[in-house]
Novice: 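One structure follows; several queries about it will come next.
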Amino acid sequence: MIRKFSLEGKTALVTGASCGIGFAIAKGLSLAGARITFNDISAELVDTGLAAYEAAGISAKGYVCDVTDEAAVKAMVACIEKDAGPIDILVNNAGIIKREPMHEMDEQDFRKVIEVNLIAPFMVAKAVLPGMMARNGGKIINICSMMSELGRETVSAYAAAKGGLKMLTRSICAEYGGRNIQCNGLGPGYIATPQTAPLREKRPDGSPHPFDSFILSKTPANRWGEPEDLVGPAIFLASEASDFVNGHILYADGGILAYIGRQPQA
Ligand code: NAP
Ligand code: GCO
């Protein structure tokens with residue numbers, strides 16, 4: 001049974017994976033046997049990522065590609081398939097967030113978040129699907145969010161994108177499940193990465209950020225997640241072990257979505 005979780009002989013592309021969640025997931029897929037390819041938006045980030053993978057003993061291949069540029073995405077996928085063979089596993093991880101009250105948000109900022117977090121996963125999936133269809137099999141994992149299910153002040157564009165990403169996941173399942181292609185979402189809870197650093201910064205007096213305390217009160221695990229908490233779920237969704245799981249959003253959130261929040265002490 002454990003062999004079902006092996007990724008030996010598989011090639012994975014993890015987008016935006018020079019750091020953070022993408023880097024942790026790529027490292028985990030490598031430990032399960034996958035060949036790792038990744039991209040990031042700048043040569044500097046790709047170089048940083050390559051150094052980090054090397055330090056972890058992983059010979060990853062890195063590509064500079066803005067995932068919102070369809071021509072660049074198509075060229076990157078063609079390069080990867082020449083350099084490392086067909087892409088068996090795609091993790092649509094690259095993402096941004098802009099935290100601002102909706103009535104103050106510029107249209108361009110709203111559009112940018114939708115472009116990176118929703119349109120780009122569509123374009124990268126569209127670029128890898130022909131190869132997966134030709135080989136009658138593949139795994140697509142879209143990195144969703146608590147905001148795929150819940151709203152919160154100041155993250156309207158992000159929630160709209162991640163909610164759409166949930167339904168894009170289900171749409172890919174519906175259209176390509178018959179070709180042995182499984183497309184699932186992985187929904188992290190609140191994870192300690194550069195993206196959430198502003199929500200965890202201590203106050204000048206050394207007291208916790210109010211949002212930090214808020215998240216702890218909403219998380220049964222009573223802690224922020226670490227990127228490594230997502231590795232097991234990612235390996236499951238990338239492996240044969242999940243061949244009959246499709247269109248599912250697997251939440252690795254420490255219990256947030258199941259919990260009303262810590263009740264006041266009597
Ligand atoms: P992160 O540390 O900001 O990493 C995201 C990576 O994607 C960065 O290297 C970023 O580069 C890159 N990127 C952004 N726009 C890109 C583009 N157009 N083309 C290529 N690469 C691009 O974020 P993270 O916390 O690891 O999050 C990774 C994913 O998990 C995102 O989809 C995020 O929405 C999702 N997520 C995060 C959390 C959390 O609590 N951290 C929870 C749920 C879901 P730049 O640094 O230049 O932007
Ligand atoms: C925020 C956070 C969240 C997390 C994540 C939660 O501002 O609320 O950045 O959006 O990034 O998406 O699952």
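Counting convention: from 1, in listed order, for ligands and their atoms alike.
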Novice: Would Arg3 and Glu8 pass as an ion pair if we require N to O under 4.0 Å?
Specialist: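 The answer is no: the pair does not qualify as a salt bridge.
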Novice: Considering Ile21, Leu165, Asn39, Thr15 one by one, which has a heavy atom nearer to atom 37 (C) of ligand 1 than any of the others?
Specialist: Ile21
Novice: Ion pair present between Glu115 and Arg111, side-chain N to carboxylate O less than 4.0 angstrom?
Specialist: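 Judged by the 4.0 Å cut-off on N to carboxylate O distance, Glu115 and Arg111 do not form a salt bridge.
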Novice: Any atoms of ligand 1 less than 4.0 Å from a non-hydrogen atom of Gly189? List them with their elements.
Specialist: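 The list of qualifying atoms is 40 (O), 42 (C), 43 (C).
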Novice: Can you tell which of Gly95, Ala24, Ala120 gets a heavy atom nearest to atom 5 (C) of ligand 1?
Specialist: Gly95
Novice: May I ask you to identify the nearest protein heavy atom to atom 2 (C) of ligand 2, giving residue, atom name and distance to one decimal place in Å?
Specialist: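 The answer is Tyr190 CE2, 3.3 Å.
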Novice: Looking only at protein heavy atoms, which one is nearest to atom 28 (C) of ligand 1, and what is the separation?
Specialist: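 Here the closest protein heavy atom is Asn93 OD1, 3.2 Å.
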Novice: For atom 12 (C) of ligand 1, which of the options Ile41, Asn92, Asp40 provides the nearest non-hydrogen atom?
Specialist: Asp40
Novice: Quick one: do Lys98 and Asp106 make a salt bridge, cutoff under 4.0 Å?
Specialist: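 No, this pair does not count.
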Novice: When Ser242 is tested against each of Gln182, His248, Lys139 for side-chain hydrogen bond (donor to acceptor under 3.5 Å, both in side chains), which residue passes?
Specialist: Lys139
Novice: On a heavy-atom basis, which atom in Ala84 and which in Thr37 lie closest, and how many Å separate them?
Specialist: CB-CG2, 4.0 Å
Novice: Using a 4.0 Å heavy-atom cut-off, which part of Thr154 comes near ligand 2: side chain, backbone, both, or neither?
Specialist: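 No part of Thr154 comes within reach of ligand 2.
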Novice: Polar-atom distance check: Leu199 versus ligand 2, any N or O pair below 3.5 Å?
Specialist: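 Leu199 vs ligand 2: no N/O contact under 3.5 Å.
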Novice: Looking at Thr196, which atoms of ligand 1 are within less than 4.0 Å of one of its heavy atoms?
Specialist: 39 (C), 40 (O), 41 (N)
Novice: What atoms of ligand 1 come closer than 4.0 angstrom to any heavy atom of Gly20?
Specialist: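 Numbered from 1, ligand 1 contributes 26 (O).
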Novice: Students should be able to answer this: which protein heavy-atom is nearest to atom 41 (N) of ligand 1, and at what distance?
Specialist: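 Checked against all protein heavy atoms, atom 41 (N) of ligand 1 sits closest to Thr193 OG1, 3.1 Å.
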Novice: Does ligand 1 have a heavy atom under 4.0 Å from the side chain of Ile191, from its backbone, from both, or from neither?
Specialist: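 Ile191 to ligand 1: contacts from backbone and side chain alike.
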Novice: I'd like to check whether Ile97 has a polar contact with ligand 2, where a contact means an N/O of the residue lying under 3.5 Å from an N/O of the ligand.
Specialist: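 Such a contact does not occur with ligand 2.
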Novice: Considering only heavy atoms, which of Arg152, Lys98, Glu149 lies nearest to atom 1 (C) of ligand 2?
Specialist: Arg152
Novice: Contact between Ser42 and ligand 1, counting heavy atoms under 4.0 Å?
Specialist: no
Novice: Which of the atoms of ligand 1 are close to Ile96, meaning less than 4.0 Å from one of its heavy atoms?
Specialist: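 Taking each heavy atom of Ile96 in turn, ligand 1 has 14 (C), 15 (N) under 4.0 Å.
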Novice: Between ligand 1 and Tyr190, is the shortest N or O to N or O distance under 3.5 Å?
Specialist: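 Among all N and O atoms of Tyr190, none is under 3.5 Å from an N or O of ligand 1.
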Novice: Report yes or no: does Met146 have a heavy atom closer than 4.0 Å to ligand 1?
Specialist: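 False for this residue.
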Novice: For Tyr158, take its heavy atoms, then give the atoms of ligand 1 lying under 4.0 Å from any of them.
Specialist: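 Selected atoms, number and element: 33 (C), 34 (O), 35 (C), 36 (N), 44 (C).
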Novice: Please state which protein non-hydrogen atom is closest to atom 23 (O) of ligand 1 and give its distance, to 0.1 Å?
Specialist: Gln195 CB, 3.6 Å
Novice: Does any donor atom in the side chain of Asn136 or Asn180 lie under 3.5 Å from an acceptor atom in the other side chain?
Specialist: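 Asn180 and Asn136 do not have a side-chain donor-acceptor pair below 3.5 Å.
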Novice: Pull out every atom of ligand 1 sitting under 4.0 Å from any heavy atom of Asp66, numbered as shown with elements.
Specialist: 17 (C), 18 (N), 19 (N)
Novice: Go through ligand 1 atom by atom and flag the ones less than 4.0 Å from a non-hydrogen atom of Ser18.
Specialist: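 Taking each heavy atom of Ser18 in turn, ligand 1 has 9 (O) under 4.0 Å.
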Novice: Is Met146 close to ligand 2, meaning an N/O of one under 3.5 Å from an N/O of the other?
Specialist: yes
Novice: Is Lys162 salt-bridged to Glu149, going by a charged N under 4.0 Å from an acidic O?
Specialist: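 Looking at Lys162 and Glu149, the cut-off is not met.
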Novice: Would you kindly specify which portion of Ile97 sits under 4.0 Å from ligand 1, judged on non-hydrogen atoms: side chain, backbone, both or neither?
Specialist: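 Looking at Ile97 and ligand 1, no heavy atom falls under 4.0 Å.
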Novice: Considering distance alone, does some N or O of Gln195 sit under 3.5 Å from an N or O of ligand 2?
Specialist: yes
Novice: Given Cys65, Cys144, Pro227, identify the one with the heavy atom nearest to atom 20 (C) of ligand 1.
Specialist: Cys65
